[in-house]
Amino acid sequence: MSIQEESLPHDLLSDLVEAAVGRIIRAGALDDFLPWFSDEVHWLCRSARLPLEASETKALAMQLGRSIWGATPAPHNDFRPQPLPKPGRNAPCYCGSGLKYKNCCARFPALPAMRSADIWPAVLDALPQRDCRQVVAAGRVPTGSLIVAAEELRASGDSRKAIGFLEPMFGDKLAGTAHPHDYALSLLCDLYDDAGWPRKKTKVLERVVTEAPRSELRSEALQRMAVIRMDRDDRDGAWDAFRQAQRDTPGNPAVGLLEVHLLMSEHRPERARESARVWRKRLMKLNAEDVKGVIDFMTTIAKDPYRAMAQTCIDAVGGTGQRLLDALPDIGERPLPQYEITTAPAPDPGGNPEANIATQLRGMGMKEDDIRKWTPELLEQTRNMAHSDDPHDGAPDAAPDPRFTLQAPERLRVLEADWHAIYSPAKPFSIDHAPRGGAYPWNPDEEDVWMDFLDRHPEAFDSVDVLDDLASAVELHPMSDSMSFRKVMQAPLVERGVRILRQAAGEASPSGDPCMEWADVRNRPGLRCLARAQSLALEQGDVERARAHAELLLALNPGDNHGIRTFLMNTHLRAGDDEAAVLLALSYEDDMFAELPYGRVLALVRMGRMDEASEAARLAVDRLPEVRRYLMRERARQPRIDPHYVALGSKEQAWLYRDEMRDLWVGEPEAMSLIRRTRPSPGARDG
């Protein structure tokens with residue numbers, strides 16, 4: 001078999017080139033390199049069992065070795081290639097056979113010449129780190145080579161070193177503004193994201209936008225800035241950056257993708273469909289192979305925008321979640337199972353409440369570690385509920401309101417036990433959105449186990465407990481930050497759970513909603529589905545749907561562990577439903593959330609009930625004086641806010657309420673005047 005018919009496998013060739021470049025950099029002498037390289041090729045050909053004769057192996061080694069030597073920008077030659085001349089026909093063959101070249105290696109087909117740009121990544125990998133930084137900073141490395149080297153480093157997990165290769169292109173002087181510098185900027189931004197350096201990314205993008213002329217590079221920077229601004233809820237700024245990018249590169253398919261992305265971020269699927277159709281028609285006229293993927297994406301957006309965006313998210317992480325995505329369309333066709341809401345047995349004063357809670361958790365399939373972790377918190381909640389004097393518990397001498405438990409049919413309880421035997425992730429703790437521990441559901445082997453179970457038992461989608469677990473799994477997915485992904489992957493699960501819950505509640509108590517306490521862990525999967533459905537509806541801008549979910553959640557669980565009453569109060573006020581706002585506030589008279597006491601004041605003023613409003617203002621200001629101070633200020637500096645915890649009575653709480661509701665207060669001068677006149681009493685909290 002001739003050299004032309006046989007070649008080294010790509011991975012072996014790559015290893016051989018890397019080893020050769022390292023030898024050239026260390027040795028720096030052709031007479032030392034070629035014999036070593038000949039031995040390496042001979043050994044590799046034998047290891048790979050390539051059917052080459054000895055003469056062919058020698059010719060391959062000499063041709064390839066001389067090609068690598070000539071293309072390598074080595075330090076001993078000031079990082080310039082050093083090509084070797086082709087020997088004359090009658091000159092001695094360079095393989096060392098003693099024959100003339102025409103009678104030896106010239107008989108074999110010539111190999112394609114190596115290019116210096118292809119060798120540079122191996123040179124950068126072989127150089128000491130200090131020398132590497134210097135040669136990159138000096139601009140000696142071609143842009144394409146730097147990109148390849150950076151991509152290889154990113155693939156190996158060394159994003160920070162890769163950043164060092166690309167940053168000099170965008171330093172004091174921009175290295176270029178045309179392609180591939182725009183791609184280099186895009187890759188650098190991805191590397192900043194990998195490293196957790198968002199400020200550095202923004203700073204580089206702002207420099208490029210300011211200093212670069214109209215170009216592919218500036219368009220790329222503007223596209224990135226548009227996404228950043230949309231993520232910051234700066235919609236006007238995002239669309240301004242989009243329009244500038246479109247002016248710089250009007251026919252750029254990436255600009256079309258950005259337009260669809262921005263429209264979907266604003267929950268405008270119909271407008272996204274229209275945009276996708278326009279871009280698809282425009283791109284099809286190009287008849288270019290490199291835009292086929294974009295055309296296919298625009299086609300799917302025009303059909304189903306949310307699913308198309310979710311599919312893109314799944315493709316971006318190698319197909320993780322694909323099987324669940326494919327299974328979800330069928331669950332809506334399944335009839336609702338017949339759940340029951342049964343009266344929860346009253347606690348046995350002589351029994352062991354801790355053991356009872358542990359038994360409930362174990363019955364739900366909880367792991368023993370989680371049972372030990374959760375039991376103290378649930379026990380404390382149970383005790384607080386037993387001694388509560390809130391209006392929902394009735395008078396002390398009255399019989400307590402009955403409490404209810406959502407119960408699955410027997411067939412589903414058996415199935416749930418089998419499910420928990422194979423599904424390892426824990427339940428979310430308390431009102432957390434995602435589990436804090438347990439196995440990661442999206443490891444390929446783990447995902448296959450529980451998806452195989454669902455494929456064998458599609459009736460598992462009838463279980464609120466299983467639906468809750470799957471919704472929690474979506475929270476842990478690497479693309480869970482995408483609203484489109486959650487709408488497609490999580491919304492069908494939680495909405496099915498809500499329908500099951502509503503049906504059971506309606507059958508159990510047609511005249512009113514049964515009280516299903518959050519402290520009863522058997523109720524948590526259903527209540528959590530309801531809370532998630534409310535959150536998803538609100539995120540998508542469907543306030544009425546969010547309000548309906550919130551009202552049901554509060555009716556079922558008046559203790560309101562999720563704090564849903566704050567959303568309801570603000571929603572009532574913005575809808576002008578002042579009567580509902582007052583009734584809600586009266587149900588939580590001692591509430592420390594700012595929304596209820598201050599919202600009551602606003603509603604009473606708008607209803608003209610000024611005496612009641614004055615008394616309500618006194619109570620609100622005494623309870624939360626910091627809120628009054630922040631409401632009155634024309635301008636207020638935002639304090640540093642912990643994303644996980646905001647103390648009641650704090651400046652952080654006051655600022656958040658001001659940011660959300662001050663526009664309504666400004667629109668009611670009489671209410672604002674009342675608050676100004678009402679000063680905290682000497683014994684009031686000081687925040």
Side-chain angles (χ1 to χ4, degrees), residues 306-307 323-344 363-365 403-420 423 427 450-451 453-474 486-518 520-537 540 542 544-557 562 564:
Y306 285 110
R307 185 177 176 87
R323 293 180 65 183
L324 180 59
L325 175 67
D326 294 339
L328 289 176
D330 295 333
I331 72 173
E333 304 300 321
R334 298 186 60 82
L336 295 181
Q338 292 298 315
Y339 269 67
E340 292 182 352
I341 292 183
T342 59
T343 303
M364 289 181 62
R403 285 166 170 81
F404 298 88
T405 298
L406 184 67
Q407 186 168 338
E410 175 64 24
R411 65 179 180 84
L412 289 182
R413 293 201 295 273
V414 173
L415 185 70
E416 287 166 359
D418 294 338
W419 166 259
H420 287 295
Y423 184 78
K427 289 283 188 184
W450 55 264
M451 276 307 311
F453 181 93
L454 294 175
D455 288 344
R456 293 193 307 271
H457 302 285
E459 66 273 21
F461 288 108
D462 296 340
S463 164
V464 175
D465 192 19
V466 174
L467 293 171
D468 176 47
D469 280 339
L470 294 174
S472 295
V474 173
R486 290 195 307 281
K487 177 176 174 57
V488 171
M489 297 289 283
Q490 192 179 57
L493 299 167
V494 298
E495 289 289 354
R496 181 166 177 79
V498 170
R499 289 196 298 273
I500 294 171
L501 181 62
R502 283 187 181 275
Q503 175 180 273
E507 292 177 356
S509 181
S511 60
D513 296 308
C515 181
M516 297 171 55
E517 296 287 356
W518 178 257
D520 186 339
V521 293
R522 292 168 295 184
N523 291 329
R524 292 195 176 187
L527 294 175
R528 193 155 37 229
C529 282
L530 188 52
R532 283 174 169 152
Q534 188 273 339
S535 179
L536 282 169
Q540 294 162 32
D542 191 344
E544 284 307 308
R545 189 177 188 83
R547 179 176 178 171
H549 287 329
E551 288 174 339
L552 177 60
L553 183 60
L554 197 61
L556 293 176
N557 180 41
H562 294 84
I564 206 73

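Remark: Asn523 CG to Asn557 CG distance equals 8.5 Å, nearest 0.5 Å. Rounded to the nearest 0.5 Å, atoms CH2 (Trp450) and CZ (Arg323) are 8.5 Å apart. Expressed to the nearest 0.5 Å, how far CD of Glu459 lies from CZ of Arg334 amounts to 6.5 Å. Distance check: Arg528 CZ to Leu553 CG gives 12.0 Å after rounding to the nearest 0.5 Å. The CD atom of Glu416 lies 10.0 Å from the CZ atom of Arg411; values are rounded to the nearest 0.5 Å. Going from atom CD1 of Ile500 over to atom CG of Leu406 covers 8.5 Å, rounded to the nearest 0.5 Å.
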Legend entry - salt bridge (Lys or Arg N to Asp or Glu O under 4.0 Å) between Arg413 and Glu410, intermediate numbers included: CA-CA 5 Å; Arg413 293 201 295 273; Glu410 175 64 24; 2.5 Å; yes
Inset, instruction - Could you walk me through whether Arg532 and Asp468 pass salt bridge (Lys or Arg N to Asp or Glu O under 4.0 Å), step by step? - result: CA-CA 10 Å; Arg532 283 174 169 152; Asp468 176 47; 3.1 Å; yes
Legend entry - Candidate pair Lys427 and Asp465, rule salt bridge (Lys or Arg N to Asp or Glu O under 4.0 Å), full reasoning: CA-CA 10 Å; Lys427 289 283 188 184; Asp465 192 19; 2.4 Å; yes
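Counting heavy atoms from C-beta outward, Ser535 and Gln490 have side chains that stay 4.5 Å or more apart. A heavy-atom distance below 4.5 Å is not found between the side chains of Cys529 and Arg499. Looking at Arg496 and Val498, their side chains never come closer than 4.5 Å, going by heavy atoms from C-beta outward. Glu551 places none of its side-chain heavy atoms less than 4.5 Å from the side chain of Ile564. Contact annotation: the side chain of Leu467 never approaches that of Pro525 to less than 4.5 Å [non-hydrogen atoms, C-beta and beyond].
The aromatic rings of Tyr423 and Trp419 sit parallel, their planes meeting at an angle under 30°, below the 60° perpendicular limit.
Among all heavy-atom pairs drawn from Leu501 and Met516, the shortest one is CD1-CE, 3.7 Å.
For Glu340, the CD atom is loosely surrounded, since the number of other residues' heavy atoms within 6.0 Å does not exceed 12.
With Arg545 as the partner, the side-chain hydrogen bond (donor to acceptor under 3.5 Å, both in side chains) test is satisfied by one option alone out of Glu495, Gln540, Gln534: Glu495.
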